[in-house]
Each structure stands twice: as C-alpha cells, then as structure tokens.
Amino acid sequence: MTREAAAQILERIALLLELKGENPFKIRAYKTGAEVVESYAGDVMQLAIENKLAGIKGIGDALRDKLHEMATTGKLEFYENLRSEFPESLFELFEVQGLGPKKIAALYTELGVGSIADLKRVCESGEAARLSGFGGKTVVKILESIAFRSEHASEFRVDQVYGLAMDILEALRSHPAVSRAEVCGSFRRGKETVHDLDFLCSTRKPEEVIEYFVKLPMVEKVIAHGGTKASVYAPNGVQCDLRAVSAQEFPYALIYFTGSKEHNVELRQRALDQGWSLNEYAFTPVEGKESRPLPSVHDEAELYRSLGLDFIEPELRENIGEFEAAEKGQLPHLIQLENLRGVFHNHTTASDGMASLREMAEAARDLGMQYLGIADHSKSSFQANGLNETRLLAQIEEIREMNEEFEGHFRLFSGTEVDILKDGSLDFSDEILAQLDYCVASVHNVFNLPEAEMTQRIIRAIENPHVTMLGHVTGRLLLQRPSYAVNIPAIIDAAAETGTIIELNASAWRLDMDWRWWKLAKEKGVKCSINPDAHSTRGLQDVLFGIRSARKGWLTRKDVINCLPLGEVEKVLKKKRPD
DNA sequence: GCCGTTTTCGGCCCGACTGTTTTCAGTCG
C-alpha cells in the first residue's frame, strides 16, 4: 500500500467518525495522522511494515498498529467495518462548500441523501430547505457549489496526475521497441488542471507497444484498444490515451497532440501560406498551389523553423502572442527549475507546518537551495496556530542563531505570512514587521467582500512599506473553491507602483496568481516570487508546479526574485523598506 | 486518539461569519 492510500484511509476514517459525532479530538488525531503519513520525510510505509513507527509525533499506539496492518495486509478491518455503515458516494458530500459533518449526517439520516445526485434532488425539490438548520440560502449555496463542481467534473489538479504521468512515461521509454515518448496535451502545456493524460510514442512495432501499455500495472480498466491507439483509466479515474506513430511522424504528432487547438489552427494556416497542408503525420503539398519544396523535419524545432518561427515552448502554445514573438525572435527564455536559488513562504511546526525549522532548513539545503524563507502564520490565523508577537520574536532569534551555525553557506530568512485583516490593516504592527527580513501578506478570512472593497483591502496592505510580497492573490482552491471577487489589474498596478512582489503560490491547489496575468504583471515591471507554501519538507518540491505555471506566464529567471543568489536577493527584500 | 521535565489523566486551537434562529449551531480558515 502506498503512503497516499494509507493517508487517504486515515482521512476517511476521520470523516466517518465526524458523521457519527465522535469525540472531535479523536477525529483530529486521525487527520493529523493522515498528514504525518503523507508528509513524513522518510519511507513511512517501510517503517510501518517493520513496525518501527514508535516515536513519530502524531502517531501513537493505535495509529501505529493500524498503519502496520495496512502496510502488511493492504487493508484495515476497522475501516472496512466503519465504511460499510455508509454508502461509498457519501464522501463526495464533504467536498460541497457549506456542508459539514452535521449537515451531511442530517441529510443522510432524515432524507437518505448519500450522494451529490441525491443532494441536488432534495435541494431542488424543497425537501432540504425544510430540515432543521437548513433554509433557502443554505440550499442556494449548496446548489452553487454543486454547479461549480460539475463544471469541473473529470478535471484533475497537476499533483493528482504528475506521478502517474511520469510513471507511464518511464514505462514507455523503457520498452525496447519505443524510440521516443512524451506526455502531450494540456499536461505538457503546463495547464493548472488537466482532464486526461495524452501519451505519444514513436515505434516500429505499434501493436506490441499498445499491448504493453494496456497491461501496465497502473491500468485499472481498458476503454479502447486498437492497433495504434489505446485509452485506459488509472485507479484515480484519470483517462490515459496512448498514440503510437512512426519516427518520421513523431514531431508532427507531438505538436498536434500537444496543442492547443488554437495554436494548431494558427500553425496550419501558416503552413497553408507556404503551400503546405499540415496534419498530425506530415506536411503535404496543397494541390494546384505553388509551393516550396517540403522541408525535412526531425523534431519540433525544425518544424517551427520551416515555417519561419523560433521554437515555441509547449507552455506558450495558446495562440496568445507566441507566433508574433517567434517570428521576431522575441520569445522569452523561460525560467527552469534549476534557476531557483531558494524559496520564500514556508511553514514550520511553529504554526501549522509538519516539520521543524531545522528540518526545513536541512531539506532546503539537500535540494541545493542557498536560502529558505520562513513565513509562519500570524496570530489571527488561530486555526493554523498563528504566532503572536512573542513567539515571532523568539523565532527571529532562533533563526539568527541557526544562521550563525551555517557560517554563510546557507541562510534562513525570517519572515511572516501576516494576515490582511478585513479593513486592509495587518495582523502585526510596523514595529514588529520591521524586525523581519521580509513579509508575505495574505487574505485568509472574510472572502465575501464586494470586489471594490476586497481590492481596496489588498491594495491598502500592499501600500505598507513592510509588505515585501503579496501571497495567493485570489484565494482560489483549484476545482474546489473559486477566487474571491478582486480586480487583479488594479492589484498589479498597485504592486508596480509600490514595488511589491507578487507571489506565484506553487501549491498545486492554488497556482495563484494565475499564469494568465503574469504577462501583464511583467509588462508593468512587477517581480514574481515562486513560493511553495510548504507545510512539510516534501512540500518544498511543489516549486516544480510553480515553475510550470511561471513558464506558462512567459516568465524568465530575471522576472523571478528567488532566482537571485544569496548576496543579491537581500537587496530586493529591502527595496521597499524605509531607512 | 495523542501527549506529557507540571506523565498515565485531562487537556487538546479559536474567532468570525452565516443563516438560521429568537440565542445559537454549523462551517470555515
């Protein structure tokens, strides 16, 4: 059993216990246990097999035994018994905004609601509104949330498919008859969510490769299975398609299946202008039309070159200006993961992180970073164990001492993720903020302000000279919660005017600010910080998702402050400070 | 269910907002 599966079972136990009205602290223990399993730095499942989990904080005797049972037998009897009391589809109700355990329990026991479909029915029929504690507005909110969810049905966040994509790609590349293989589609274009995974490979033996693909261990169900193409479902419901083509066809097919559709339409038009027709297999001369000799194409770059274009990176293929830039040799040299020198906005056990300051520092060093910025929550974020002034000052001191120990080989920056309060004031005074190396300001509550008020609230925070950067500007949770109402161009203008950095929150749940705004921000001279918002040592690796979005937003290493080496990045952090 | 140089019981994270109420329960962060 994988750690993800084990963590999910613990999470589900917590949900089921909530429905049964169990002791909330017991429920929290299961939730904490799930987080520990998910984010533990070592091989937690191997430890579970060997029954060596004792001593890990958050895992006591009961969870240790349950994890041992899961790791060795692949099942958990306690969980099997518990889940048999409810329909499997009940879990999806927890994803509806405005529904918690109490309301779900009421819906289930009073009306027999066991799925989203049931829920929709009783909301529309008026039955739900008659339940005690429910009313017209509750029902409207529920229906809105269901609609949002169905708009994004069968979409997945990148973190939900990334491992699967890499595993399948590796499996394909390891097959002796496969010469080249790639993931295509929106995944390759760096989209924030995807609805399926498209694989392409070149081979002389397509049937053999297709046969191999549909029998891979991660295949749950085969949907279609032909000589050059197959579609399958992975266990988490992700559809994966494979196309097998010849080596000659590969570059054409790679471009075709990478898309976007809009990009391909423009590309085919440009081919037609040369007298060539372009499809997923080749250029062919258009009949009855004067044309130059067909170019020889071995890879994507040659195909673009043959049309008078520089190579267009997959992330840029949305037909939003990349052709004009490619014609003029003005495409940006996109940022790469290797360019990052450090990261800001990370949490520790001082607030709601899973790893200590030292563990986070060591993990960042192991990843080859030169510096790590700590930004734990501020006191208003009670739920996240936010730091008050006393604890923050103590952390500053702890960081100072640790930095002496590092002797300049590595540096911790002391910061905070300070709450932007309802009126735009901050959760810490300027005197306190002045003692930090930097400050991330974020909205964590009162999401329902009218747009003008929310925008003004954030701008007021940005105008504070101690606010180095703005955290997750829209508050969205991908596929779960839409952005609050906010005028992004106005925020970008204010950031440009005040010299405030805007974060690209790299958590796969957020990817916020969205890639669609970065071109504008860049034009206005606003700098970006790619921030993992890590709550564990593993969370630091989310920068990978941030890099994908930054590339999609046309950003180069010059636009992203955490590409700067130690010795230079400090100046950027100080830029807004009065002194 | 977890945790403990205040150890084996008794705490455990708290406040705002919303919509339903007529004084508060449920949800969220």
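Residue numbers start from 1 in every chain, and the chains themselves are labelled A, B, ... in the order their sequence lines are given, proteins ahead of strands. What you are looking at is a predicted structure, and each value in this text was computed from that prediction instead of being measured.
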Donor + acceptor pair across side chains of Thr537(A), Glu359(A) (<3.5 Å): no
Side-chain touch Thr474(A)/Met513(A), heavy atoms, less than 4.5 angstrom: no
Tell which nucleotide pairs with dG11(B), taking only Watson-Crick or G-U wobble pairs whose two distances are both under 3.5 angstrom. dC2(B)
Which whole-number value in Å describes the distance from Ile59(A) CD1 to dC3(B) P? 8 Å
In whole Å, what is the span from the CZ atom of Arg130(A) to the P atom of dT20(B)? 15 Å
If we count only N and O atoms by modelled type, under 3.5 Å, do the side chains of Gln160(A) and Asn236(A) hold a donor and an acceptor together? no
Students often get this wrong, so: under 4.0 angstrom with heavy atoms, is Ile56(A) touching a base, only sugar-phosphate, or nothing? sugar-phosphate
Just the rounded figure in Å: distance from C1' of dG26(B) to CG of Leu93(A). 16 Å
Distance criterion of 3.5 Å, no angle test: do you see the side chain of Asn445(A) paired donor-to-acceptor with the base of dG15(B)? no
Please work out if Pro101(A) contacts a base, only the sugar-phosphate, or nothing of the nucleic acid, heavy-atom cut-off 4.0 Å. sugar-phosphate
Is_stacked (Phe382(A), dC14(B)) at 5.5 Å, 30 deg: no
Upstream residue (5' side of DNA chain B) when Leu63(A) and Phe447(A) are each assigned their closest nucleotide: Leu63(A)
Check the chi torsion on dT5(B) and let me know: syn if it falls within 90° of 0, anti if not. anti
Rounded to whole angstrom, note down the P distance from dT6(B) over to dG1(B). 27 Å
Taking only the side-chain heavy atoms of Lys102(A) (C-beta and beyond), determine which of dG1(B), dT27(B), dC13(B) contains the nearest atom. dT27(B)
Partner set under side-chain hydrogen bond (donor to acceptor under 3.5 Å, both in side chains) for Glu144(A), not counting sequence neighbours: none
How is Gly33(A) classified with respect to the nucleic acid when contacts are heavy atoms under 4.0 Å: base, sugar-phosphate, or nothing? nothing
Nearest-neighbour nucleotide for the Val446(A) side chain, dC3(B), dC17(B), dC12(B) considered: dC17(B)
Select one nucleotide: of dT20(B), dC17(B), dG1(B), the one nearest the side-chain heavy atoms of Lys422(A). dC17(B)
Pairwise C1' distance, dC13(B) and dC28(B) [rounded to whole Å]: 14 Å
Between Lys137(A) (NZ) and dC17(B) (C1'), how many Å, whole number? 12 Å
Regarding the side chain of Thr138(A), the nearest nucleotide among dC3(B), dG19(B), dG1(B) is dG19(B)
Taking the same atom, P, in dC9(B) and in dC14(B), what whole-Å distance lies between them? 25 Å
What's Lys379(A) touching, base or sugar-phosphate or nothing? Going by heavy atoms closer than 4.0 Å. nothing
For Asn23(A), answer base if it contacts any base atom (sugar-phosphate contacts may also be present), sugar-phosphate if it contacts only those atoms, and nothing otherwise; contact means non-hydrogen atoms under 4.0 Å. base
Would you measure the distance from the P atom in dC17(B) across to the matching atom in dT22(B) and give it in whole Å? 23 Å
Using whole Å, report how far NZ of Lys141(A) lies from P of dG19(B). 6 Å
Under 6.0 Å from the ring centre and within 45 degrees of the ring axis: does the NZ or CZ of Arg12(A) meet both conditions for the six-membered ring of Tyr79(A)? no
Flag for Glu50(A)-Gln46(A): side-chain donor and acceptor within less than 3.5 Å: yes
Which part of the nucleic acid, if any, lies within reach of Ser381(A) when heavy atoms closer than 4.0 Å are counted: base, sugar-phosphate only, or nothing? nothing
Using atom P in both nucleotides, what's the gap between dG26(B) and dT20(B) to the nearest angstrom? 14 Å
Distance to the ring centre below 6.0 angstrom and angle to the axis at most 45 degrees; does that hold for Arg510(A) and Phe545(A)? no
Separation of atom CZ in Arg457(A) from atom P in dA16(B), rounded to whole Å: 14 Å
When the C1' atoms of dG10(B) and dA16(B) are considered, how many whole Å apart are they? 29 Å
Separation of atom CG in Leu67(A) from atom P in dG1(B), rounded to whole Å: 13 Å
In whole angstroms, the gap separating C1' of dC28(B) from CD1 of Ile104(A) amounts to 14 Å
